[in-house]
Amino acid sequence: MAAPVDDMFSLCVDPFKVTSTVEVQFIDNIKGKGLFAKRSIKKGETILIERPLVSSQFLWNSLYKYKACEYCLRALETAEENARRLCCNPALSLPHPELCRVRPELHQACPQCQVMYCSSECRQAAADQYHRVLCLGPSEEDPDHPINKLKDAWRSVHYPPETSSIMLMAKMVAVVKQAKNKAHWQKLFSHFCSRAANEEEEIAHKLLGEQFRGQLGSLHSLFKEALYDEHLSRWFVPEGFRSLFALVGTNGQGIGTSSLSQWVHACDALELPDQQREQLDSFIDQLYKDIDKAMGEFLNCEGSGLYLLQSSCNHSCIPNAEASFPDNNFLLHLNALSDISAGEEICISYLDFCQRDRSRHSRHKILRENYLFVCSCSKCTSQMDELDVTSEEEEEEGEAEGETEGDEMEDEMTDV
């Protein structure tokens, strides 16, 4: 359930002093700022829980009927509805349905456009923060509405697996347009990492993909047509639009929610006789096999958000913290992976688990292409004598991944 908007606003008044556990410090002109522990933190401890300034579900994810609260991204399907859709079995029945935490009776729609929320609190929070600007009313399904044209254009250049959404940029604009104190919100967004003009262009093109480099101008025109505001004129010139792209591309944190995953975790916690435990585990194992056969790896409601404190975390190939979303909404929990001393920098990994196991050269290649920096963490420093080559195994894996992603994209495009 969302906190009242007043509480959210107070969270953002002084974003770098909201916790006694951490603080943001300037490091140098290369790394910029970083997040540091103000006291000793034990392994497994929750370092902070943070609400995003803005968040948005991915557009393809929404189109494929992954139902999420428009405000907090909480999954709206019950665990059983979720499982039935994912494994294409409308007759499926889940054991222990009482463990599902989704409460459909609390869901509410926007009375104008019928966009869905998990609660009246979320509906009101969205209306107070940005939705009055973005609400399409009876034009929600009109393909010629400027915002729908913008969404369609984005989907045409940013296929699954998705990493960002132009609607995150749209919500930034909408928040400022609706705010009484516009300068305050513009200042909050300015806290995120900024880049030189040539780097911003590189990030924007990377986000779109090589084959869509020429589409940035078209997206800019549609963005301006749909959302232009004179108070934000600098965001609507080509350079400002590119800056927004770079901001979202380098600071957007992926969010994943799933009612089915929550149900599975609740099942794991049940105390059952051995035979019943074996039967339940076997049922869940088979369920995931059926889902994998039908849907592959696309299981969650997915989106991204902008988090002030989390975005201050620098990268390490051996991180001492990681982000998760155990509340099945956009609340980010930053948890310690190891003991952290007072004054020590808190680092996360910008790489996934498999990428962190690759060679130093391969890790640097991914980080340089996606985040425009060279890692100098202790792991990379200790491997400086490695040859600067990508192993044949990793190259073959990359080619296979590219082919698989292309096939999945083709299949998903056909299913819509």
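Bear in mind the structure is a predicted one, so any value in this text is a computation, not a measurement. Numbers here simply count residues along the sequence, with the first being 1.
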Side-chain donor-acceptor pairs under 3.5 Å in residues 225-236, sequence neighbours left out?
| residue | atom | partner | partner atom | Å |
| --- | --- | --- | --- | --- |
| D229 | OD2 | H231 | N | 2.9 |
| D229 | OD2 | H231 | ND1 | 3.2 |

- Item | Closest non-hydrogen atom pair between E70 and K171, with its separation | OE2-NZ, 3.0 Å
- Grab the two heavy atoms, one from S55 and one from F330, that are nearest each other, plus how far apart they are. OG-CD2, 3.4 Å
- Can you list the steps and then say if L260 with L299 is a side-chain contact (heavy atoms from CB on, under 4.5 Å)? CA-CA 9 Å; L260 179 61; L299 306 183; over 6 Å; no
- Item | Main-chain N/O of H96 paired to W263 side chain as donor or acceptor, under 3.5 Å | yes
- Short N-O contact, D152 and R155, less than 4.0 angstrom: yes
- Specify the closest pair of heavy atoms between S165 and V248, including all atoms of both residues, with the distance to one decimal. O-CG1, 4.5 Å
- Taking atom NE2 of H265 as the centre, report whether more than 12 heavy atoms of other residues, nucleotides or ligands fall under 6.0 Å from it. no
- Task: Kindly indicate, with the supporting measurements, whether the criterion side-chain contact (heavy atoms from CB on, under 4.5 Å) is fulfilled by L287 and L86.
- Result: CA-CA 10 Å; L287 175 63; L86 290 176; over 6 Å; no
- Task: Mark yes or no for whether Q186, through its side chain, and V176, through its backbone, hold a donor-acceptor pair below 3.5 Å.
- Result: no
- Message: Is it the case that the side chains of Q253 and Q310 hold a donor-acceptor pair, with the cut-off being a distance below 3.5 Å and no angle test?
- Response: yes
- Using atom types as modelled and distance alone, determine if a side-chain donor or acceptor of N320 lies under 3.5 Å from a backbone N or O of I346. no
- Query: Has the side chain of N300 got a donor or acceptor atom that lies under 3.5 Å from a matching backbone atom of E302?
  - Reply: no
- Worked check of side-chain contact (heavy atoms from CB on, under 4.5 Å) between L53 and W185: CA-CA 9 Å; L53 293 186; W185 280 94; 4.0 Å; yes
- Message: Counting neighbours of NZ on K177 that are heavy atoms of other residues, nucleotides or ligands and sit closer than 6.0 Å, is the number greater than 12?
- Response: yes
- Item | Whether Q383 side chain and H361 backbone form a donor-acceptor pair below 3.5 Å | no
- Determine whether R101 and S259 make a side-chain contact, defined as any pair of heavy atoms from C-beta on separated by less than 4.5 Å. no
- Query: Heavy-atom count around F353 CZ within 6.0 Å, excluding the residue itself: above 12?
  - Reply: no
- Note on the structure: For F223 and A170, the nearest pair of non-hydrogen atoms, with its separation, is CE1-N, 3.9 Å
- Query: Closest heavy-atom contact between V24 and S312?
  - Reply: CG2-OG, 3.7 Å
- Item | Working for salt bridge (Lys or Arg N to Asp or Glu O under 4.0 Å), residues E81 and R85 | CA-CA 6 Å; E81 289 170 339; R85 180 175 57 80; over 6 Å; no
- So does K379 have more than 12 non-hydrogen atoms from other groups sitting under 6.0 Å from NZ? yes
- Task: State whether the side chain of R368 and the backbone N or O of V374 hold a donor-acceptor pair below 3.5 Å, judged by distance alone.
- Result: no
- Expected output: side-chain R360 to main-chain C380 donor-acceptor under 3.5 Å: yes
- Task: Take the angle between the ring planes of Y371 and F373 and call it parallel below 30°, perpendicular above 60°, tilted in between.
- Result: tilted
- If a pair satisfies side-chain hydrogen bond (donor to acceptor under 3.5 Å, both in side chains) and one of its residues is in residues 135-149, list it, with sequence neighbours excluded. none
- Heavy-atom closest pair (Q112 atom, C135 atom, distance to 0.1 Å) is CB-SG, 3.6 Å
- Message: A quick test of your reading: do over 12 heavy atoms of other residues, nucleotides or ligands sit less than 6.0 Å from NZ of K67?
- Response: no
- Message: Once you measure the plane-to-plane angle for W60 and Y159, does it fall in the parallel (<30°), tilted (30-60°) or perpendicular (>60°) bin?
- Response: tilted
- Let me see the working for F325 and L73 under side-chain contact (heavy atoms from CB on, under 4.5 Å), right down to the final yes or no. CA-CA 11 Å; F325 299 89; L73 271 64; over 6 Å; no
- Message: For a quick check under 3.5 Å, do N314 and E345 share a side-chain donor-acceptor pair by atom type?
- Response: yes
- So, R356 side chain and L351 main chain: donor-acceptor pair closer than 3.5 Å or not? yes
- Donor-acceptor contact below 3.5 Å, side chain S261 vs main chain T257: no
- Task: Return yes if some donor-acceptor pair links the side-chain N/O of E344 with the main-chain N/O of A37 below 3.5 Å, else return no.
- Result: no
